[in-house]
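Side chains are part of it too, since the values below use all heavy atoms of this structure and drop only hydrogens, waters and symmetry mates.
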2 protein chains.
Amino acid sequence: MPRTKQFDEKEVLQKAMELFWEKGFHATSIQDLVSCLSINRASLYDTYGGKEELFNQAFQHYRTTNGAIVRTLFEKENSVKKGLKVLFDKAIQQSVQDECKKGCFVVNTATELIPGDETIHKALMDNTENSQKLFIDYIQKGIDAGEIPSSKNAASVGLMLFTLYNGLQVLAKIETDPDKYRSMVEEGLSILD
Amino acid sequence: MPRTKQFDEKEVLQKAMELFWEKGFHATSIQDLVSCLSINRASLYDTYGGKEELFNQAFQHYRTTNGAIVRTLFEKENSVKKGLKVLFDKAIQQSVQDECKKGCFVVNTATELIPGDETIHKALMDNTENSQKLFIDYIQKGIDAGEIPSSKNAASVGLMLFTLYNGLQVLAKIETDPDKYRSMVEEGLSILD
DNA sequence: TTTTATTTGGAACAATCATTCCAATACAAA
DNA sequence: TTTGTATTGGAATGATTGTTCCAAATAAAA
């Protein structure tokens, strides 16, 4: 009986994610969203609830998408060292290509909305825990396979590389000199030798 | 002849810095500043120009203060390895003590105001260049002193540790487990051996 | 075709935003 | 003490904020 939606819910969420990613939560107004997403105010509120709810959904969407990409990248690569190198190289490549310097949505959100937003803070803690585990398990896999010396501590090495990855996402916003960062990453990854 | 100011200009700038540092640029309103700084709107505009100008001055004040602290810390310490360890330990300690999770004002500003604010972007590029040089020169000093193997590349090692430092400032906003971070830092600094 | 549930366009809302303005104030020089 | 100038308190400004509301439009089921 009812009238059908004139837009694709997922498609619009993707666009909202990109806008929040680029401008952050506070600098993105409902008017910005209405204009950019090409949907009506009422539709936005009816479908997503409001600005904060839409942001949370956009953020969740980023986490899901990005998490899957990294997981796939790690699984696909036989060599753990190679897998990590590809991950970092990809981050550098993205920062060079991305003219508007969006950086990493997770990092941007953490620095903008903590302290203050408890919902986001919890999501970020959950996300960090998962990411760290992903790194650490991957390092452990390299140790088990004999690719990485068994003298290494998977936990501290994994956390170190994860921290380095976050640092790269910050610096990528300020300047993007791929060569500089490539040698920096190489240096960081030499910890696996 | 004229009436004298009823507040200390530097003192108020310090307070403004702390508020912007904690809440970020967009989430801090003029009303917040007027309440927190305990000065009148007119005085704020008359003395500092406006919100954006006040932010720029507060940011500059942070850069100056923080830069001097790190520089002094490095100079005071004879051992370069020890100097770096103290720097990282201090960052960890601060993140534990700081209940409101302000993190690093430079990192917060970079992720919030890039892209968009060209003035801040330039200040951040200048700041990053100086900081990287500070790290690299310090590593080089360690190499020259024979404390760090001369086989090491000061530029890539310095940039690696600077990136790690930035990553730590991001993660410190999300969770603060000092032990976890201490072993992570130790792992990162092992690159100097 | 009629009915009915939902979406849609756009006006309207109150709250808050950064900024301006001005009369009242207060201080240092005359 | 008087004078002149910068500061101060607080109201007022207009723009923008997020959100709500409702009549008009629409499309699937009856």
Side-chain angles (χ1 to χ4, degrees), chain A residues 1-60 108-109 112-113 115-120, chain B residues 1-60 108-109 112-113 115-120:
Chain A
M1 304 152 178
R3 185 175 173 181
T4 53
K5 275 188 161 60
Q6 289 186 342
F7 61 93
D8 183 85
E9 216 167 307
K10 300 262 173 186
E11 216 170 83
V12 167
L13 185 61
Q14 173 77 24
K15 274 192 196 170
M17 182 196 80
E18 280 164 16
L19 194 62
F20 276 129
W21 183 0
E22 179 180 331
K23 305 186 56 150
F25 177 78
H26 287 110
T28 305
S29 69
I30 294 286
Q31 187 53 54
D32 290 336
L33 288 161
V34 166
S35 306
C36 174
L37 311 186
S38 302
I39 66 166
N40 189 264
R41 289 182 125 69
S43 304
L44 190 157
Y45 277 88
D46 187 64
T47 310
Y48 304 101
K51 189 188 177 183
E52 206 167 317
E53 289 91 333
L54 176 55
F55 182 87
N56 290 339
Q57 288 172 54
F59 186 61
Q60 180 59 43
N108 298 353
T109 301
E112 185 187 0
L113 299 183
D117 191 321
E118 262 319 302
T119 306
I120 285 292
Chain B
M1 303 161 175
R3 185 175 173 180
T4 52
K5 276 187 161 62
Q6 289 186 341
F7 61 92
D8 184 86
E9 217 167 307
K10 301 261 173 185
E11 216 170 82
V12 167
L13 186 61
Q14 172 77 24
K15 275 192 195 168
M17 182 195 80
E18 279 164 16
L19 194 61
F20 276 129
W21 183 0
E22 178 180 332
K23 305 185 59 152
F25 177 77
H26 287 109
T28 305
S29 69
I30 292 286
Q31 187 53 54
D32 290 335
L33 288 161
V34 166
S35 305
C36 174
L37 311 188
S38 303
I39 66 166
N40 188 263
R41 290 180 124 70
S43 304
L44 192 155
Y45 278 89
D46 187 63
T47 309
Y48 304 100
K51 189 186 178 183
E52 206 167 318
E53 288 91 334
L54 176 55
F55 182 87
N56 289 340
Q57 288 171 53
F59 186 60
Q60 179 59 42
N108 298 353
T109 301
E112 185 187 0
L113 299 182
D117 190 321
E118 263 318 303
T119 306
I120 285 292

*asked:* Distance check needed: dC21(D) P versus Asn40(A) CG, whole Å only.
replied: 16 Å
*Given atom CG of Leu44(A) and atom P of dT20(D), what is their separation to the nearest angstrom?*
12 Å
*asked:* Rounded to whole Å, please give me the gap between CG in Leu54(A) and P in dT19(D).
replied: 10 Å
*Intermediate values then yes/no, side-chain hydrogen bond (donor to acceptor under 3.5 Å, both in side chains), Asp32(B) and Ser29(B)*: CA-CA 5 Å; Asp32(B) 290 335; Ser29(B) 69; 3.2 Å; yes
*Specify the residue among Gly49(A) and Gln31(A) whose closest nucleotide of DNA chain D lies further upstream toward the 5′ end.*
Gln31(A)
*Test side-chain hydrogen bond (donor to acceptor under 3.5 Å, both in side chains) on Gln14(B) and Glu18(B) and set out the steps.*
CA-CA 6 Å; Gln14(B) 172 77 24; Glu18(B) 279 164 16; 3.0 Å; yes
_Toward the 5' end of DNA chain C, by each residue's nearest nucleotide, Gln6(A) or Gly50(B)_ = Gln6(A)
_Please determine whether a side-chain nitrogen or oxygen atom of Ser43(A) lies at a distance below 4.0 Å from atom OP1 or OP2 of dT7(C)._
no
*asked:* What I'd like to find out is whether the side chain of Asn108(A) reaches to under 4.5 Å of the side chain of Phe20(A), using heavy atoms alone.
replied: no
*Nearest of dG18(D), dC27(C), dA18(C) to any side-chain atom of Thr4(B)?*
dC27(C)
_Distance in angstrom units between Phe25(B) CZ and dC17(C) C1', rounded_ = 11 Å
*Can you tell me how far P of dT7(D) sits from OH of Tyr45(B), to the nearest Å?*
17 Å
*State whether Ser29(A) places a side-chain N or O below 4.0 Å from either non-bridging phosphate oxygen (OP1 or OP2) of dT17(D).*
yes
*asked:* Would you compute the distance between atom CG of Leu54(B) and atom CG of Leu37(B) and round it to the nearest 0.5 angstrom?
replied: 7.0 Å
*Specify the separation, in whole Å, of atom CG of Leu33(B) and atom P of dA18(C).*
8 Å
*Do Arg41(A) side-chain and dT19(D) base share a donor-acceptor contact under 3.5 Å?*
yes
*Which one, dT8(C), dT20(D), dT8(D), comes nearest to the side chain of Ala42(B)?*
dT8(D)
*Specify the separation, in whole Å, of atom CG of Asp46(B) and atom P of dA26(C).*
18 Å
*Between Phe25(B) and Lys51(B), is there a cation-pi geometry (under 6.0 Å to ring centre, at most 45° from the normal)?*
yes
_Protein-nucleotide distance (Ile30(A), atom CD1; dT20(D), atom P), rounded to Å_ = 10 Å
